[in-house]
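Chain naming here is simple, since letters A, B, ... match the order of the sequence lines and numbering starts at 1 in each.
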Amino acid sequence: MNTTNDPKTILDPAQALDDRFCDAIRAVAPDLPESQVKAHIGPSRQPKLGDFQSNCAMPIAKQIGMKPRELAAKIVEAIDVSGIAQPLTEESIAGPGFINVSLLQEALGTALDAMDSDQLGISVPADPKTIIVDVCGVNLAKQMHVGHLRSTVIGDAIARIQERLGHEVKRQSHVGDWGLPIAMVVEQLSVMEAEGTDISKVSLAELNTIYKRAQAKCKAETRALEIIKKVGGHVKAEIELSERIADAEAAMEKSKSRLVALQSGDADSVRIWQLIYDITMTACLATCKRLHANITDEHSAGESTYRDELAPLVQDLIDRNIAVEDDGALVVRCEGIKEPTIIRKRDGGFLYATTDLAAIKRRVGKLGGDEVVYCVDSRQSLHFKQVFAAAHKAGYDKTASGSDATLVHAMFGTILGEDNKPLKSRSGENLNLSDLLDEAVMRASASVAEKNPEMPQDERDAISEAVAMAAVKYADLSTERIKDYAFRFDTMLAFEGDTGPYMLYAIARIKNMLRKAEEKGVDLNAAADAPFSLNEPAERAMALMVLRYPSILSAAGSSHEPHRLCGYLYELASLFAKFYEQCPVLKEGVEASQRDGRLRLSMLALRVLEDSCKTLGIPTVDRM
RNA sequence: GCCCCGAUAGCUCAGCUGGAUAGAGCAGCGGACUUCUAAUCCGCAGGUCGUAGGUUCGAAUCCUACUCGGGGUGCCA
């Protein structure tokens, strides 16, 4: 195995061809501005015609007023592809001016050699950035529901991709741990404690119930009363409702004063708040761990941590005339956005925009973020548009080097049920995430048991768990994040086609092949240094796909779109399946040199498959 | 009203940022297992890329308008 990681030793054929084509373009069209010198190299659309194609002739011909095919002919004549590809001729030109290129087998082998390194051809960036990724964002006293699945799974994948590309990543979970709703729960628990309940023993599920009860208790049904008065309902109903409203108003008052106590650091309130915090976070972080999302306590940066930063921030904006009063509220107006950003309510309270501004200030200023990526529901797009603009106006997005940090809302769509409506439980409530995962594991377990009746229970359980998480995560990651998608157990766990289990199966098959090889006494270390076997179309196709890994990862990174990596993973896994059918490795009659060459190709594909899964946060298994 | 997002095969989705005859998976039909793991592979069939214009050698992709669906829209988060 090649252990060097010097970019110069890595011969990416696409890159090498790009260079050669650019040289040829410069020779043929010397007056063309350098910015227009582009080779447009990509994998061939029609594998029969070659491995790569250049689409450069058409746009450049237009630019310099020449016929595309004529220009293509000149490029083909001028280009030197020796050592990389078969010589180009008139025959290489097709259609309006596509230039088809077939790689030399030696060049393909050399490229694979170079890729077969620790880093799999991914070089350290020249300018590593610090990238903040806003993930997860749970709320105190609430269980994680399906809504948190995507911000956790996609957010973590976005973070992992950046880490894999060599950037410094700091995850931030913007926990909803502050404000009136939490104060309501604190108030409730305080009452329960006074009545003799041992509140240190409550579970998150119970807290969730208490949260809902507290909400309901404080909700005044003033509109209902207005309606009854208008229509002239029963006097008795009117009185009852009035009483209920009075109760709600009283409860609200208590909650509000509890909030004041909490904010001013009242010891008893803070003690109860901390209890709620610990119960919630213990459960939620356990779910993150179960989802193989690298989100831990150190990534939690709740709204409460900004509480002392809000007033000074608002004062700063007032002092610099960035925020102005409007109808009693304090707002920031930004060019191009009609809706002003409200940062202080008429009653003096702050809003989530205020906290998010403080978060940007901290993330860029203190944490040194060159880029801040928010993996949050698309429904918040206006909010982030406002907050980003306001932060820019205030200069809170200025990095230490004086440039503006890139603020990105990597939004995602809603998870729908079979009925194409947002996924809810039968009673219309948000679906609990742990329950959903449990069901996925249960269903996976049935299939695993069916396929492996002999397997010991504990191994079967471990595999079912991994398969289920892979299935759920892959389903969530593999479509464009901006789109809504329907959550279907049957589809994601079907183990057929473009699913998580299919990827795991490809990996398990290669691992099984390697185990079998060792059983047969094949020296895998020797195979790891053997020349790649590249004669069969299936071998070449897989090899070419392996080589695309770095560029795919880079594209997934710059767009913050993990689904691109999923698409690649599926293509590579299915090319392996074809290779596996068509190219025997350990079967009788395969010569040792070919066997080793195919083993090496399989081992490299395995490493790319595993690296892709790891970069997406998808667990893998050794057998299934 | 205004703003944002989506629309591709019967269903679920890709389409590498403007390139060749638009691709997969399910479902349907027909093949391949005393297996290097058939949780697989091969073949067939299936499309007016929401509609109408525009930009150009070339548009699912870019621009405009419209239709349908979803979401948001000043003091919740």
Say whether, by atom type as modelled, one donor and one acceptor occur between the side chain of A:D177 and the main chain of A:E303 under 3.5 angstrom.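 Yes, the answer is positive, given that a donor and an acceptor are paired below the 3.5 Å cut-off.
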
Indicate, with a heavy-atom threshold strictly under 4.0 Å, whether [X] touches base, sugar-phosphate, or nothing.
X: A:V331; answer: base
X: A:E303; answer: sugar-phosphate
X: A:A61; answer: nothing
X: A:D377; answer: nothing
X: A:H563; answer: sugar-phosphate
X: A:E480; answer: sugar-phosphate
X: A:D347; answer: nothing
X: A:T479; answer: sugar-phosphate
X: A:M411; answer: nothing
X: A:K338; answer: base
X: A:C56; answer: nothing
X: A:A555; answer: nothing
X: A:N452; answer: base

Starting at [atom1] of [X] and ending at [atom2] of [N], how long is that distance when rounded to a whole Å?
X: A:E561; N: B:G15; atom1: CD; atom2: C1'; result: 12 Å
X: A:H383; N: B:C76; atom1: NE2; atom2: P; result: 14 Å
X: A:D490; N: B:C11; atom1: CG; atom2: P; result: 18 Å
X: A:K142; N: B:A77; atom1: NZ; atom2: P; result: 12 Å
X: A:D484; N: B:G72; atom1: CG; atom2: P; result: 12 Å
X: A:L569; N: B:A14; atom1: CG; atom2: P; result: 16 Å
X: A:R481; N: B:C5; atom1: CZ; atom2: C1'; result: 12 Å
X: A:R346; N: B:G74; atom1: CZ; atom2: C1'; result: 10 Å

Which is it for B:U17, anti or syn, if anything within 90° of zero counts as syn?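 Here B:U17 takes the syn form, which means its glycosidic angle is within 90° of 0.
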
[X] side-chain proximity, nearest of [options]:
X: A:M624; options: B:A39, B:G74, B:C36; answer: B:A39
X: A:S574; options: B:C41, B:A77, B:U40; answer: B:C41
X: A:K516; options: B:C36, B:A14, B:A39; answer: B:C36
X: A:V448; options: B:A39, B:C3, B:C36; answer: B:A39
X: A:R488; options: B:U12, B:A20, B:A7; answer: B:U12
X: A:K483; options: B:G19, B:U8, B:G71; answer: B:U8
X: A:N512; options: B:C3, B:C36, B:A14; answer: B:C36
X: A:K345; options: B:C36, B:C76, B:C5; answer: B:C76
X: A:A577; options: B:C4, B:U40, B:A20; answer: B:U40
X: A:N55; options: B:G19, B:U37, B:U73; answer: B:G19

[atom1]-based separation of [M] from [N] [nearest Å]:
N: B:G53; M: B:U12; atom1: C1'; result: 32 Å
N: B:A59; M: B:C42; atom1: C1'; result: 34 Å
N: B:U61; M: B:A20; atom1: P; result: 13 Å

Strictly below 4.0 Å: does A:Y502 bring a side-chain N or O up to OP1 or OP2 of B:U40?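 Looking at the OP1 and OP2 atoms of B:U40, neither is under 4.0 Å from any side-chain N or O of A:Y502.
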
Between A:Y352 and B:A77, is there a side-chain N or O to OP1/OP2 distance below 4.0 Å?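 Result: no.
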
[atom1]-[atom2] distance between [X] and [Y], expressed to the nearest 0.5 angstrom:
X: A:C56; Y: A:I99; atom1: SG; atom2: CD1; value: 4.5 Å
X: A:W178; Y: A:L140; atom1: CH2; atom2: CG; value: 10.0 Å
X: A:K393; Y: A:C334; atom1: NZ; atom2: SG; value: 5.5 Å

Residue met sooner reading RNA chain B from 5', once A:I552 and A:Q582 are mapped to nucleotides: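 The 5'-side residue here is A:I552.
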
Between A:P43 and A:P422, which has a closest nucleotide on RNA chain B that is more 5'?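 Mapping each residue to its closest nucleotide by heavy atoms, the 5'-most match is A:P43.
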
Runs of at least three Watson-Crick or G-U pairs with RNA chain B, cut-off 3.5 Å: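 The stems that RNA chain B takes part in, listed by first number, are B:1-7 with B:67-73, B:10-13 with B:23-26, B:28-32 with B:40-44, B:50-54 with B:62-66.
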
Centroid-to-centroid, [X] to [Y], below 6.0 Å?
X: A:F489; Y: A:F487; result: yes
X: A:H563; Y: A:Y568; result: no
X: A:Y570; Y: A:Y474; result: no

Taking donor-acceptor contacts at under 3.5 Å, does the side chain of A:R344 reach the base of B:C75?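 Not at all, since no donor on one side and acceptor on the other fall under 3.5 Å apart.
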
When only distance counts, do a donor and an acceptor, one from the side chain of A:D356 and one from the base of B:A77, lie under 3.5 Å apart?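 Side chain to base: no pair below 3.5 Å.
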
Under 3.5 Å, N/O pairs linking protein and nucleotides 55-59 of chain B:
none

Looking at A:A538 and A:Q582, what are the two nearest heavy atoms and their distance?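 Taking A:A538 first and A:Q582 second, the nearest heavy atoms are CB-OE1, 3.5 Å.
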
Is there side-chain contact between A:V585 and A:V590, with at least one heavy-atom pair below 4.5 Å?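 Side-chain contact under 4.5 Å: no.
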
Side-chain ion pair, [X] and [Y], N-O less than 4.0 Å:
X: A:D377; Y: A:R379; answer: yes
X: A:D18; Y: A:K38; answer: no
X: A:E610; Y: A:K511; answer: yes
X: A:R443; Y: A:D490; answer: yes
X: A:R598; Y: A:E539; answer: yes
X: A:R564; Y: A:E561; answer: yes

Filtered N/O pairs between nucleotides 23-29 of chain B and protein, under 3.5 Å:
{"from": "B:A24", "atom 1": "O2'", "to": "A:Y570", "atom 2": "OH", "distance (Å)": "3.3"}

Output yes if the stacking criterion (under 5.5 Å between centres, under 30° between planes) is met for A:Y580 over the base of B:C41, else no.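 The base of B:C41 is not stacked with A:Y580 (the test needs centres under 5.5 Å and planes under 30°).
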
Compare the ring of A:F98 with the six-membered ring in the base of B:G19 and state whether they stack (centres under 5.5 Å, planes under 30°).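 No, aromatic ring not over the base.
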
Six-ring centre of A:F576, A:R509 cation under 6.0 angstrom, axis tolerance 45°: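 No; the conditions do not both hold, so A:R509 does not lie above the ring face of A:F576.
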
